[in-house]
Amino acid sequence: MVHIILAILRIIGIILLIVLGIAAALILLVLFWPVEYQIHLRKEDQPFEAEGRAGWLFHLLSADVQIRERTGTITLKVFGRRLKTFRIPEGRKAEKPRSQKASRTETVTRSQEASRAETEKTRSQTTSETGTQTRKVQTGRQTSRETSTAGQKTKPGGKAASAGISPRRWAGRIRRTVSSAVSAAGNILAGVSGAAAGIAARTIQKAAKGLVTAMVFAFRMQELPSDIGDIADSFHDHVDAKIGSFRRKAGPFVSPEAFSLYGRIMRHLGRLLHSFRLRRLEGYLLVGTGKPDRTGELIGLLCMILPDTAGTYELRADFYQATLKTRTDAAGHIRMNHVLMFLIRLLKDKEFRKLLAHVRRKGKEGSKGRSAKKRKRK
C-alpha cells in the first residue's frame, strides 16, 4: 500500500516538474528570444509607402503593417495564417492655401457688405429720430403736465432721498428732466408759426442733448475709478487662485526630488533605447524645411541620433526648398528582458513609487468628482 502511494506521489511530482519546466521555458523564451522587425520606407516620386513586419519565435507570432499615403492595415498572424486585420483610419487632408485673387475678392465683398450695413443703420437712425421728434411735438403737453405733477410730488422728500443716490441715478434723473423741459419748449414754439420757430426748436433740442451727454459723462467719470479698481481686484484674485491651484497640483512634479528622479529615468531610458538600436540601416534621406538654419539643425540632430551609419545610410540636406524624399530599409530586434529590467528599476525607486501613488490618488479624486457632477445633473 505504501509503495502504491509513493508511486502516485512520484508520478504527480514528475508531472509538476514537467509543467514547471515548460512554464520556465516559456518565460525564458518570452524574455530572451528577440522580436525581430523589418521596416521599409519609400517616398520619392510616388506617394508615401511604408511596410513593416515583426515576428517572434521563427514567426510563430507575426504582425504585418502596410501604409499607403494616409491609410493602411495591420494584420496579425499565427503560424503564418491570418488571425485578424485592423484598418488604420484615413488621416485628414491638408487644406489647400487660398489664392491671392480669391482672398482679394473676399475682402472686397466683405467691405461692400460692411458699407451697406452702415448705410442701412444710418438710415434707420435718421428715420427713428424724425419719428421721435414728431411724437414729442404731438404729446408734449401731456408729458409737461405729467412731469410738473411728478415734480410737485417728489419735492418734499428730494433732499433726503438724494443723499444716497448713485451717479447713475443722478444722470438718469437729469436726462428725464432735460427731456421734459425740451418737450415743453417745443410745445410752446409749436404754437408759433413760421420757420424761425422750427429753427429755434431744433437748436434748443441739440443744445439740450449736448448738455445731457456732457453731464452723464461727468457723472460716469466719477464712477470710473471705482469700476476699474473693482475689475482689477477681481482679476487679481482670480489669477492668484489659479496660480495657487496650479502650484498645489504641480508641486510634487517640480520638487528637487522629482527632478533627480527625471534624471534617473532618462539614464534608464537611454539604456533601453541602446538595446533597441537598429542592427541594419540602408538607403538615404533627403530633408529640407525651406529655411537653411532649421534644415542645418535638423541634419545635425539626425547625425547625433545615427552616428554609426555613415557608410550605409546617407543624410542629405536641401537648403533651398521644403522637401522630403527617402528610401530606407531597416532591421533590428528587441528583447523583452530589457523592458522588464527598465520596469524593475523604476519600481525600485522610492520617489517614483511616491509620485505614482500621488497620480493614482488624484485620478481617483477626479473620477469621484466627475461622478458626483453627473449625479447632480441627472
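This one's a predicted model, so the numbers in the text were calculated from it and none came from an experiment. Atoms considered below: every heavy atom in the structure, side chains included; atoms not considered: hydrogens, waters and symmetry mates.
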>> Please determine whether side chain to side chain contact (heavy atoms under 4.5 Å, CB included) holds for the pair Arg271 and His274, giving the CA-CA distance in whole Å, both sets of side-chain angles, and the decisive distance to 0.1 Å.
In response: CA-CA 5 Å; Arg271 295 174 185 174; His274 181 72; 5.6 Å; no
> Step by step, would you call Arg361 with His358 a side-chain hydrogen bond (donor to acceptor under 3.5 Å, both in side chains)?
Replying inline: CA-CA 5 Å; Arg361 185 170 63 253; His358 175 75; 3.2 Å; yes
>> Thr85 vs Thr73, test: side-chain hydrogen bond (donor to acceptor under 3.5 Å, both in side chains). Steps then yes/no.
In response: CA-CA 7 Å; Thr85 302; Thr73 57; over 6 Å; no
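Between Ile12 and Ile8 there is a side-chain heavy-atom pair separated by less than 4.5 Å. With contacts defined as side-chain heavy-atom distances shorter than 4.5 Å, the pair Leu286/Leu324 does not qualify. Asp349 is listed as a side-chain neighbour of Leu261, based on a closest heavy-atom distance under 4.5 Å. The shortest side-chain heavy-atom distance between Asp293 and Thr295 does not fall under the 4.5 Å cut-off. Between Leu301 and Ile299, every side-chain heavy-atom pair lies at or beyond the 4.5 Å cut-off. A heavy-atom distance below 4.5 Å is not found between the side chains of Ile39 and Asp329. The closest side-chain heavy-atom distance from Lys249 to Lys362 is not below 4.5 Å. Side-chain contact check for Gln38 versus His40: some heavy-atom pair is nearer than 4.5 Å.
Taking CE of Met341 as the start and CZ of Arg335 as the end, the distance is 14.5 Å to the nearest 0.5 Å. Annotation: the span from Tyr262 atom OH to Phe352 atom CZ amounts to 10.5 Å, rounded to 0.5 Å. In this structure, the separation between CD on Gln46 and CZ on Arg68 is 9.5 Å, given to the nearest 0.5 Å.
A salt bridge links Lys77 to Asp64: one of the charged nitrogens lies within less than 4.0 Å of a carboxylate oxygen. Taking a cutoff of 4.0 Å between a charged side-chain nitrogen and a carboxylate oxygen, Glu314 and Arg327 do not qualify as a salt bridge.
In this structure, Val19 is not a member of the same hydrophobic cluster as Leu29, with clusters built from ILVMFWY side-chain heavy atoms closer than 4.5 Å.
A donor-acceptor pair under 3.5 Å is formed between the side chain of Thr71 and the backbone N or O of Ile88. Thr312 places no side-chain N or O within 3.5 Å of a backbone atom of Glu282 that could act as its donor or acceptor partner. Remark: the backbone N or O of His59 is not paired with any side-chain donor or acceptor of Ser62 at under 3.5 angstrom.
A ring-centre distance under 6.0 Å is not found for Trp56 and Tyr37.
The number of heavy-atom neighbours closer than 6.0 Å to NZ of Lys43, taken from other residues, nucleotides and ligands shown, is above 12. For CZ of Arg294, the number of neighbouring non-hydrogen atoms (other residues, nucleotides, ligands) closer than 6.0 Å is 12 at most.
Both tests pass for Arg316 against the ring of Tyr284: distance under 6.0 Å to the centre and angle within 45° of the axis.
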